[in-house]
Asker: 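Sending over a structure as structure tokens; questions will come in a sec.
From a predicted model like this one, the values you see are computed outputs, not experimental measurements.
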Amino acid sequence: MRPTPLKALAARVLVAAALAAVSLPGTPAGASPSTAPAAAAACTPAQVVTNGGFESGTSPWTQSSTTVITSRTGQSAHGGTAFAWLDGVGSTHTDTLSQSVTIPSGCSSASLTFWLHIDTAETTSSTAYDKLTAKIGSTTLATYSNLNKASGYAQKTFDVSAFAGQTVTLAFTGTEDSSLQTSFVLDDIALNTSGDTTPPADSTRTPAAPGYTVSLTSNTSGTGWTGHESVTFTNASSTALSEVYLRLWDNYHGTCSAMPITVSNVSGGTAGALSVGCTALRISLTSPVAQGQSATIGFDLAITVPSGADRFGYDGAFVNIGNALPVLAVKDGTGWHLDPYTNNGESFYSLAADFKVTLDHPTSLLVPATGTSVDTAGSSGRTVTTATASKVRDFAWAAGPFTKISGTSPAGTAINIYSVSGISSSDSQSMLTTAKSAVDAHAARFGAYPYGELDAVIDNNYWFGGMEYPGFVLDLVSTTALTHEIGHQWFYGIVGDDEYTSPWLDESFTDYATDLAQGKTGTSCWSSVSWASTAENITNSMAYWDTHSSRYSTVVYGYGKCALHDLRRVLGDTAMANLLKSYATSHWYGVSTTAEFKAAAQAATTTDLTSFWTTHRIVG
């Protein structure tokens with residue numbers, strides 16, 4: 001994804017509104033090393049906050065007054081009808097809300113999320129008169145104030161993995177001064193745990209070689225799709241698979257009581273509880289799948305696209321449907337990867353798979369999609385688009401009355417540009433020219449583009465700048481942004497990575513590739529680097545960047561590509577070019593890690609790179 005100034009502003013408002021947010025230490029404040037379990041137990045992913053949506057009365061919450069958990073008029077819920085309303089009195093006042101939670105031992109990931117709305121009668125733009133503090137145990141996670149007022153709810157996310165194996169109190173305290181009300185409204189509080197701290201003996205990534213077959217029919221506008229999906233997979237691990245997880249990523253865009261993505265009538269297994277904000281669905285398989293054996297699960301699927309010019313949303317008559325198809329989560333040496341959705345970047349991690357997707361839609365709608373598409377006549381007034389894609393990590397599509405222009409790059413890649421209304425023909429032509437140039441430039445450096453055609457949907461209303469999917473991108477009218485998104489076809493698409501744990505492996509590498517494609521050498525760009533704290537590294541995870549969102553673009557995109565430019569100056573232009581070409585080849589359709597790249601770079605030179613990694617804060 002290519003962030004824009006608008007995105008950075010949105011991220012500051014939505015995620016980094018805290019006046020004081022601290023990173024959690026390795027050992028929680030007030031805790032001694034003895035509080036950690038002596039031996040990690042197996043982790044069963046779970047959501048440990050009870051009644052986080054306040055729809056089941058007040059239990060087990062402790063509230064300072066009976067008016068805190070409420071459904072009274074004056075405020076509204078994020079989901080359902082009930083919410084927690086702290087303060088809003090307009091005089092000296094304190095409200096508290098707390099619950100004791102137990103974070104299981106053995107879980108390497110624990111993520112606290114809640115939705116917060118703040119409105120105020122205070123008029124100051126500089127003084128925090130009224131405050132809300134969020135704490136877990138004795139650690140303050142964040143403090144918000146009247147200065148953070150916003151028109152709607154914003155989701156807050158915190159990594160609380162340091163508290164694994166402990167029972168601690170999750171607490172919110174709101175205080176008002178003597179005049180002018182500020183209301184702090186909380187809803188849909190969750191604490192999701194996942195991952196094993198003790199890796200299993202076999203670290204092989206599995207389920208392997210998935211094959212997805214999908215058949216969906218849309219409503220007249222393309223904002224609703226129903227049908228069936230099945231997936232066949234092979235267990236590559238020596239440990240038998242008794243379960244799999246489906247990632248229902250786009251449930252982030254709704255609530256658990258009104259999910260945009262619903263799965264029903266599961267075959268080949270039994271659906272369990274939803275977790276991680278209803279973005280992960282456990283399927284207990286009918287029988288365990290041994291190493292080398294295959295199995296198939298199937299289910300009915302319904303997709304409801306929300307309003308908004310988003311990677312999953314509709315903008316007038318134009319619909320984007322990214323990350324909507326349920327895909328298999330990955331299990332490896334750290335257990336199941338069930339990280340939360342992030343709106344600040346990506347948290348998508350999946351193995352290369354084959355897709356055959358049949359989309360039945362009104363003929364008035366064009367449907368660009370991942371893979372190579374063939375249109376056939378459907379029932380009266382409808383068209384069936386069948387898209388097939390091999391060795392891709394996801395599948396996305398769009399629907400709408402687009403204006404389409406097509407061309408072929410000099411190296412032979414078919415390019416289709418789909419423009420929404422309001423995009424001029426000259427801008428569409430410019431984006432077609434950019435796409436032709438970019439796909440060939442990247443292919444020459446990293447290996448031939450393998451996905452047949454490449455579709456780009458152009459809409460200047462995208463708040464996020466641009467977004468990549470295999471063979472399919474969303475973008476503004478921007479030469480740099482489109483070159484970047486097409487670069488992601490190699491770094492994330494062909495050379496995969498765990499985008500939540502290691503976002504630099506796709507964003508830094510893609511921004512570096514974008515510079516090369518545009519003839520930029522990054523001269524002296526590392527000289528402008530200034531770190532915000534000792535905890536800030538290029539290689540930090542999205543758990544870190546979601547709590548330091550104003551620094552995400554600067555460090556991961558800017559400092560990351562500058563570090564790669566610096567590495568090129570150490571190795572030499574030819575050695576660096578050979579390194580990236582061979583690295584892409586060796587990880588083609590696979591998964592890369594920071595440690596593997598560092599090892600490959602070191603093998604490309606006789607210079608000891610230890611101090612280079614330290615100076616450039618590339619850890620792992």
Asker: Please examine the side chains of K561 and E507, heavy atoms only from C-beta on, and report whether any two atoms are closer than 4.5 Å.
Answerer: no
Asker: When you compare the side chain of Q99 with that of T62, does any pair of heavy atoms fall below 4.5 Å?
Answerer: no
Asker: Assess R72 against W85: is NZ or CZ under 6.0 Å from the centre of the six-membered ring, and within 45 degrees of the ring's axis?
Answerer: yes
Asker: Going through the checks in order, is the side chain to side chain donor-acceptor pair (under 3.5 Å) test met by S502 and D497?
Answerer: CA-CA 7 Å; S502 304; D497 64 279; over 6 Å; no
Asker: Side chains of T102 and T167: donor-acceptor distance under 3.5 Å anywhere?
Answerer: yes
Asker: With side chain to side chain donor-acceptor pair (under 3.5 Å) as the criterion, how do S111 and N192 come out once you've worked through the C-alpha distance, each side chain's angles and the decisive distance to 0.1 Å?
Answerer: CA-CA 5 Å; S111 179; N192 290 289; over 6 Å; no
Asker: Between L505 and T594, what is the shortest heavy-atom contact and its length?
Answerer: CD1-N, 3.7 Å
Asker: Verify ring pair (Phe, Tyr, Trp, His ring centres under 6.0 Å) between F172 and F114, making sure each step is shown before the conclusion.
Answerer: CA-CA 11 Å; F172 301 89; F114 57 85; 5.2 Å; yes
Asker: Does the side-chain contact (heavy atoms from CB on, under 4.5 Å) test come out yes or no for L301 and I261, once each step is laid out?
Answerer: CA-CA 7 Å; L301 175 65; I261 311 297; 3.8 Å; yes
Asker: Checking side-chain polar atoms at under 3.5 Å, does H488 have a donor or acceptor matched by the opposite partner on T510?
Answerer: yes
Asker: Would you say the side-chain atoms of D546 and T157 include a donor-acceptor pair closer than 3.5 Å?
Answerer: no
Asker: Taking the side chain as C-beta and beyond, is there a heavy-atom pair between V244 and L285 under 4.5 Å?
Answerer: yes
Asker: Out of curiosity, S178 OG to D130 CG, how far, rounded to the nearest 0.5 Å?
Answerer: 9.0 Å
Asker: When you compare the side chain of D394 with that of V327, does any pair of heavy atoms fall below 4.5 Å?
Answerer: yes
Asker: Would you mind reporting whether D119 and Q75 have side-chain heavy atoms less than 4.5 Å apart?
Answerer: yes
Asker: Can you check whether A543's main-chain N or O pairs, donor with acceptor, with S541's side chain at less than 3.5 Å?
Answerer: yes
Asker: For a quick test of reading the model, state the closest non-hydrogen atom pair linking G322 to Y469 and the distance between them.
Answerer: CA-OH, 3.4 Å
Asker: Under 4.0 Å between a side-chain nitrogen and a carboxylate oxygen: does that hold for R393 and E499?
Answerer: no
Asker: Apply side chain to side chain donor-acceptor pair (under 3.5 Å) to the pair T81 and E55, showing each step before the final yes or no.
Answerer: CA-CA 7 Å; T81 59; E55 301 299 323; 3.3 Å; yes
Asker: Would you name the heavy atoms of L180 and D177 that are closest together and state the gap between them?
Answerer: O-OD1, 4.3 Å
Asker: State, yes or no, whether a side-chain contact exists between L112 and I189 at a heavy-atom distance under 4.5 Å.
Answerer: yes
Asker: Is it the case that the ring center of Y559 lies less than 6.0 angstrom away from the ring center of W531?
Answerer: yes
Asker: Under a 3.5 Å cutoff, is there a donor and acceptor pairing between the side chains of T334 and D332?
Answerer: yes
Asker: Is it the case that T615 and R617 place a side-chain donor and acceptor less than 3.5 Å from each other?
Answerer: no
Asker: With side-chain contact (heavy atoms from CB on, under 4.5 Å) as the test, would you mind laying out the steps for L116 and Q155 before giving the verdict?
Answerer: CA-CA 6 Å; L116 174 64; Q155 189 179 43; over 6 Å; no
Asker: For a 4.5 angstrom cut-off between non-hydrogen side-chain atoms, does N146 reach I118?
Answerer: no
Asker: Is the Y153 ring parallel, tilted or perpendicular to the H117 ring (thresholds 30°, 60°)?
Answerer: tilted
Asker: Checking L97 against S64 for the side-chain contact (heavy atoms from CB on, under 4.5 Å) test, could you report, in this order, the C-alpha distance in whole Å, the side-chain angles of both residues, the deciding distance, and whether it holds?
Answerer: CA-CA 7 Å; L97 179 71; S64 55; over 6 Å; no
Asker: Decide yes or no for E243 and K331: does some side-chain heavy atom of the first lie under 4.5 Å from some side-chain heavy atom of the second?
Answerer: no
Asker: About how many Å separate OH of Y129 and OG1 of T182, when rounded to the nearest 0.5 Å?
Answerer: 11.0 Å
Asker: Between the side chains of N344 and S549, is a donor N or O closer than 3.5 angstrom to an acceptor N or O?
Answerer: no
Asker: Can you name the nearest heavy-atom pair linking A295 to V289, along with the distance?
Answerer: CB-CG2, 3.6 Å
Asker: Would you say the ring centers of H253 and Y341 fall short of 6.0 Å from each other?
Answerer: yes
Asker: L191 and T193: side-chain contact (heavy atoms from CB on, under 4.5 Å), yes or no, with the steps?
Answerer: CA-CA 7 Å; L191 201 165; T193 63; 4.1 Å; yes
Asker: For a quick test of reading the model, state the closest non-hydrogen atom pair linking R247 to D339 and the distance between them.
Answerer: NH2-O, 3.0 Å
Asker: Salt bridge (charged side-chain N to carboxylate O under 4.0 Å, His left out) for R311 and E346? Distances and angles first, verdict last.
Answerer: CA-CA 11 Å; R311 52 193 181 188; E346 290 86 38; 3.4 Å; yes
Asker: Going through the checks in order, is the side chain to side chain donor-acceptor pair (under 3.5 Å) test met by S161 and D159?
Answerer: CA-CA 6 Å; S161 304; D159 182 357; 2.5 Å; yes
Asker: Between F509 and W504, does a ring pair (Phe, Tyr, Trp, His ring centres under 6.0 Å) hold up when you go through it step by step?
Answerer: CA-CA 7 Å; F509 281 61; W504 91 289; 5.2 Å; yes
Asker: Does the gap between the ring centers of Y552 and Y557 come in under 6.0 Å?
Answerer: yes
Asker: Would you name the heavy atoms of T169 and S98 that are closest together and state the gap between them?
Answerer: CG2-CB, 3.8 Å
Asker: Hey, could you give me the SG/CD distance between C256 and Q47, rounded to the nearest 0.5 Å?
Answerer: 8.0 Å
Asker: Is the F54-W61 ring centre distance short of 6.0 angstrom?
Answerer: yes
Asker: Classify the side-chain pair T67/S65 by whether it contains a donor and acceptor separated by less than 3.5 Å.
Answerer: yes
Asker: Indicate whether the side chain of T539 and that of N537 have a donor and an acceptor atom separated by less than 3.5 Å.
Answerer: no
Asker: Could you tell me whether R551 and E536 make a salt bridge, using a distance below 4.0 angstrom between a side-chain N and a carboxylate O?
Answerer: yes
